[in-house]
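Shown next, in structure tokens, is the structure this report addresses.
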Amino acid sequence: MDNQDIPKAYEAKSYEDDIYAAWEKSGFFNPDNLKGEPFTLMMPPPNVTGVLHLGHALENTIMDSMIRYQRMRGRKALLLPGTDHAAVATQARVEKNLIAEGIKNPREHFGREKLLELIREFSENSKSTILKQIKKMGTSADWSRLAYTFDKDRSHAVTEVFVRMYNDGLIYRGHRVVNWSVRGQSTLSDDEVVHVDRKAKLYTFNYSKDFPFTIATTRPETKLGDTAVAVHPSDERYAEFVGKTFEVEFCGNNLSLTVIADEHVDPKFGTGALGVTPAHSPIDYQMYEKQKAAGNDIGLIQVVGADGKMTERAGEDFKGLTVEEAREKVVVMLQEKGLMVSEEEIDQNVGTSDRFGDIVEAIPMTQWFVGVNKEIPGKGKSLKELMKQAVEVGHNGDADQKINIIPDRFEGTYYGWIDNLRDWCISRQIWWGHRIPVWYKGEEVFCGTSAPEGEGWKQDPDTLDTWFSSGLWTFSTLGWPDETPDFKTFHPTTWMQMGYEILFFWMARMILMSTYVIDQIPFKDVYIHGMLRDKNGQKFSKSLNNGIDPIEVIEKYSADALRYSLVSGVTPGNDSKFYEEKVEAAQRLVNKLWNISRYVLTTVGEVNHGAAYSELKPTTVADKWILTELVNLEAQLATHMQNAEFSQASEKLREFTWGAFADWYLEISKMQRADESLQKSTDAILVYVLEHLLSYWHPIMPFVTEAIWKHLDASELLMAHNWPSMHMVQVDLDSKARMDELKEVVTSIRALRAQYQVVPKAKVDVVFVGGAVEQDVEMIRTLAGVGAATFEKTKPEGDYAAGVAGDVQVFVSLEGLVDKDKERERLKQDEKETGEYIVVLDKKLSNTEFTNKAPVSVVDGMRAKKTDAEARLIVIKDQLTAL
RNA sequence: GGGCGUUUAGCUCAGUUGGUUAGAGCGGCUCGUUUACACCGAGUAGGCCGGGGGUUCGAAUCCCUCAACGCCCACCA
């Protein structure tokens with residue numbers, strides 16, 4: 001190998017772009033070029049409202065680590081990339097920009113077509129930046145399948161679904177009180193309402209001198225539209241009035257107020273009497289509907305208009321005033337007439353628009369809704385029930401179609417949300433979005449995937465809630481509604497990851513759409529990650545100006561360092577903090593790996609890479625030790641990666657890479673190589689371990705590993721290299737051969753101790769048998785006979801003790817015992833008879849630090865299969881062969 | 001009002017089903033090294049695992065309770 005010119009430090013900048021280009025060119029991003037069982041992961045499409053932030057970097061790392069791992073494990077891995085047009089968010093952003101440029105009312109100023117063009121321009125710009133950023137992160141997405149929620153294919157899917165739901169009676173047009181943003185001039189769904197705490201004034205007043213009692217309100221101006229007064233059914237103070245109607249003159253308005261009884265009224269709040277304004281309060285509207293259903297139409301008066309100003313119905317004195325102006329005026333009038341009883345500051349929780357920021361008005365309007373409680377024709381279930389079932393027991397009750405949420409506590413949150421779910425208002429009055437596929441001509445209504453034949457039809461001006469199209473993402477990206485090969489191959493998708501903040505917005509809608517439309521769950525597993533915060537624990541936000549561009553971080557350090565820093569020390573569902581020191585530390589690790597490789601590549605002689613384990617000739621105990629550690633590492637990594645425990649995986653890898661391989665074996669290898677008889681075998685092991693390490697690191701740190709790999713094998717890309725897999729066999733416990741091997745381990749440890757008087761990072765020598773059965777105990781007793789065995793009693797009352805076989809420590813576990821109590825008795829008996837004791841453990845001991853300063857070998861390759869009543873040990877074949 | 005999360009070393013956080021003397025990174029201190037790596041190495045200090053109670057041979061881990069902080073949901077006008 002001619003590798004003498006490898007630079008001392010890893011300079012990411014000079015490798016990353018070329019490597020990404022090579023990956024792209026290789027075609028391995030495209031699963032069509034891969035074999036195996038499909039593994040599908042749909043990228044949560046970033047909004048085209050701007051550039052990617054660190055939160056996206058986190059997502060990209062998680063997704064890409066998973067997809068790279070699966071690809072290396074021989075799966076037909078698809079990571080399908082895309083972006084989201086983000087209807088309201090994008091239009092709001094563009095309008096905000098325009099307003100900042102001095103255009104007061106962009107919609108009026110430009111008109112529909114021109115404004116849409118401006119938004120399109122903005123979004124295309126933003127989109128191309130986003131795609132570049134994703135590539136910089138190293139994300140191995142299949143660009144040939146790139147999708148956009150607003151492109152032709154996705155729009156096709158959207159209208160198709162709309163029409164189906166319409167025909168099934170699930171989508172309907174209704175007149176009711178909805179959430180309205182005056183600033184945005186559009187509706188919002190319940191989920192888009194953000195509640196904020198604020199101080200408000202609570203006014204206690206009387207409608208008129210004729211009215212028998214006082215009521216309390218924070219919004220006196222809406223009282224102009226009151227049609228009833230509600231009290232609690234069991235409130236004796238007002239019992240005599242229930243059912244009576246009072247005609248009052250309130251601020252120049254003639255109101256007819258019926259006193260009604262409703263459970264919702266809190267008798268302890270205010271005066272215990274509530275003025276009912278059905279047109280401007282969701283809860284009052286509910287009371288109104290309830291009364292109506294009972295045959296009592298109390299009426300509904302809209303006094304606030306869509307423009308945020310008082311309507312004609314508010315009366316001559318108020319018409320045209322803003323809500324605030326009207327409020328003041330009502331207060332003054334009440335004070336003048338002596339009807340105001342008191343004014344008091346209270347804490348209030350008001351709903352605001354998540355995108356436009358203004359306080360949401362409740363206004364009765366005609367809008368489009370998805371009915372979540374209606375029975376779906378032919379299914380005998382409602383959408384709500386479908387949504388619940390998929391997570392609870394599996395779609396159609398099929399356990400194989402059950403969605404698994406990680407961590408599972410979010411399942412509870414999800415159920416709670418579903419229980420409170422009301423019909424979903426899907427029509428928006430903004431322009432940027434999928435147009436509702438409904439046309440009108442006079443009284444005629446037409447709903448279809450394309451415009452109806454004939455003259456005079458006018459399409460509904462409204463657009464769809466952006467989450468309507470996002471809900472279709474897992475299958476609209478695969479060519480649905482056409483029965484494409486992609487759709488058949490890759491759906492349901494295998495895995496999904498998202499932040500908890502969009503659980504309801506997105507995950508819930510995907511489940512709704514997928515189960516209803518295609519009768520499949522959208523994905524098997526959902527991994528929920530937390531939010532990335534800044535050093536002080538604050539959210540990254542424009543207003544705080546604490547945003548960090550991932551590209552800058554990558555340029556300063558490396559994509560690999562950023563990736564590692566984002567996944568290490570992080571647990572699913574919990575927020576994590578981002579700070580530069582963490583990336584610095586990660587960069588050190590990246591460089592360490594680089595230099596380990598540099599040492600191996602520049603010192604070893606002619607060595608074939610890709611050697612089989614059996615071709616290695618481990619001679620010294622150090623050789624055996626490092627290989628054993630490697631095999632153990634491999635087993636742990638496989639589990640961690642499969643379970644998306646990236647943090648644990650990276651921690652174990654770091655430990656091995658730095659602590660075991662670099663700090664110990666590399667140093668020993670220098671001594672061993674000085675001995676000519678050991679040189680060749682040592683070199684082979686160095687290369688063997690290195691190439692395994694590169695594979696293991698690759699999903700998390702793809703660039704640096706690929707860069708090094710090139711020196712090892714220029715003919716193949718590491719990204720397409722098979723993850724070296726472990727071979728496990730079961731061996732009978734009482735096997736004589738097994739016993740001999742264990743004895744040899746102990747002997748080897750002893751030899752190591754003799755060979756090197758001082759060995760770095762000395763731990764203890766442990767022969768660990770986890771989840772043992774009775775035979776294990778026998779075996780360890782025999783094993784302890786290697787050398788002068790005495791079992792030390794550590795806990796007089798307990799059934800544990802450390803076993804010391806001469807100078808080698810031995811441990812046994814009782815945990816998996818068939819009859820634990822029986823064994824305890826036996827041990828106690830032993831203690832009486834021999835004074836010996838046996839320690840019982842059930843934990844991996846590889847990290848355990850012992851007081852013994854002797855050199856260490858950790859062999860925990862044997863683990864009993866707990867579920868296996870036969871109680872056989874699983875041992876690692878390679879390890880056995882080696883020892 | 002309901003639900004959830006967090007509380008572990010100076011800082012940021014791991015700790016998988018309860019298991020020997022609780023770990024890492026960063027930071028601190030001591031010493032060393034520049035022929036893989038100063039983006040280094042060898043050491044070292046630093047923790048009643050938020051408080052209290054319980055279960056167990058054994059608890060950071062399970063149960064109860066209290067406290068602080070944070071988040072989500074909700075129709076207190």
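Hydrogens, waters and symmetry mates are skipped; everything else that's a heavy atom, side chains included, is used. In what follows, chains carry the letters A, B, and so on, assigned in the order in which the sequence lines appear, proteins first and then strands, with residues in each chain numbered from 1.
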Problem set entry | For Lys384(A), all residues meeting side-chain hydrogen bond (donor to acceptor under 3.5 Å, both in side chains), sequence neighbours excluded |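 Once residues adjacent in sequence are excluded, the partners of Lys384(A) under the side-chain hydrogen bond (donor to acceptor under 3.5 Å, both in side chains) criterion are Asn373(A).
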Problem set entry | Close aromatic pair by centroid cut-off 6.0 Å: Phe205(A) and Phe250(A) |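 Yes, they do, as the ring centres are separated by less than 6.0 Å.
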Exercise. Using the benzene-type ring in the case of Trp, are the ring centres of Trp594(A) and Tyr15(A) under 6.0 Å apart?
Worked result: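 When the ring centroids of Trp594(A) and Tyr15(A) are compared, they turn out to be within the sub-6.0 Å range.
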Exercise. Starting at CZ of Arg409(A) and ending at P of C4(B), how long is that distance when rounded to a whole Å?
Worked result: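 These atoms are roughly 11 Å apart.
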For this session: For Ile528(A) and C72(B), give me the distance from atom CD1 to atom P, rounded to whole Å.
Result: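 These atoms are roughly 15 Å apart.
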Regarding [X], tell me which of base, sugar-phosphate or nothing describes its non-hydrogen contacts under 4.0 Å with the strands shown.
X         : value
Ala586(A) : nothing
Ala9(A)   : base
Lys539(A) : nothing

For this session: Please state whether the phosphate of C37(B), meaning OP1 or OP2, lies under 4.0 angstrom from any side-chain nitrogen or oxygen of Arg598(A).
Result: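 Yes, Arg598(A) has a side-chain N/O under 4.0 Å of OP1/OP2 on C37(B).
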Exercise. Counting just side-chain N and O atoms, does Arg654(A) come under 4.0 Å of either OP1 or OP2 of A24(B)?
Worked result: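 Answer no for this pair, as no side-chain N or O of Arg654(A) is under 4.0 Å from OP1 or OP2.
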Compare the minimum distances between each of [options] and the side chain of [X], then state the nucleotide with the smallest one.
X         : options                : result
His195(A) : G25(B), C75(B), C39(B) : C75(B)
Trp658(A) : G41(B), A14(B), C40(B) : G41(B)
Glu581(A) : C26(B), C75(B), A77(B) : C26(B)
Thr571(A) : A14(B), G25(B), A77(B) : A14(B)
Arg588(A) : A36(B), C76(B), C26(B) : C26(B)
Gln648(A) : C26(B), A77(B), G15(B) : G15(B)
Asn574(A) : A14(B), C37(B), U16(B) : A14(B)
Thr217(A) : A77(B), A36(B), C71(B) : A77(B)
Arg533(A) : U12(B), C71(B), A36(B) : C71(B)
Lys577(A) : C37(B), A74(B), U12(B) : U12(B)

For this session: Quick one: the dot-bracket string of RNA chain B, using Watson-Crick and G-U wobble pairs with both distances under 3.5 Å, [ ] for crossing pairs and | for bases paired to another strand.
Result: (((((((..((((.....[...)))).((((((....).))))).....(((((..]....))))))))))))....
Exercise. With a 3.5 Å cut-off and no angle check, do the side chains of Ser14(A) and Glu11(A) form a donor-acceptor pair?
Worked result: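 Their side chains do not contain a donor-acceptor pair, so the 3.5 Å distance test is not met.
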Problem set entry | Presence of donor-acceptor pair under 3.5 Å, side chain of Lys592(A) and base of C37(B) |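 For Lys592(A), whose side chain was compared with the base of C37(B), there is a donor-acceptor pair (under 3.5 Å).
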Exercise. Is there a donor and acceptor pair closer than 3.5 Å between the side chain of Glu667(A) and the base of A42(B)?
Worked result: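 Under the 3.5 Å cut-off, the side chain and the base do not form any donor-acceptor pair.
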For this session: Could you tell me how the ring of Phe211(A) sits relative to the ring of Tyr207(A): parallel (under 30°), tilted (30 to 60°) or perpendicular (over 60°)?
Result: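 It falls in the perpendicular class, over 60°.
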Problem set entry | Results of salt bridge (charged side-chain N to carboxylate O under 4.0 Å, His left out) for Lys268(A) - residues two or more places apart only |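 Per chain and number, Lys268(A) pairs via salt bridge (charged side-chain N to carboxylate O under 4.0 Å, His left out) with no residue.
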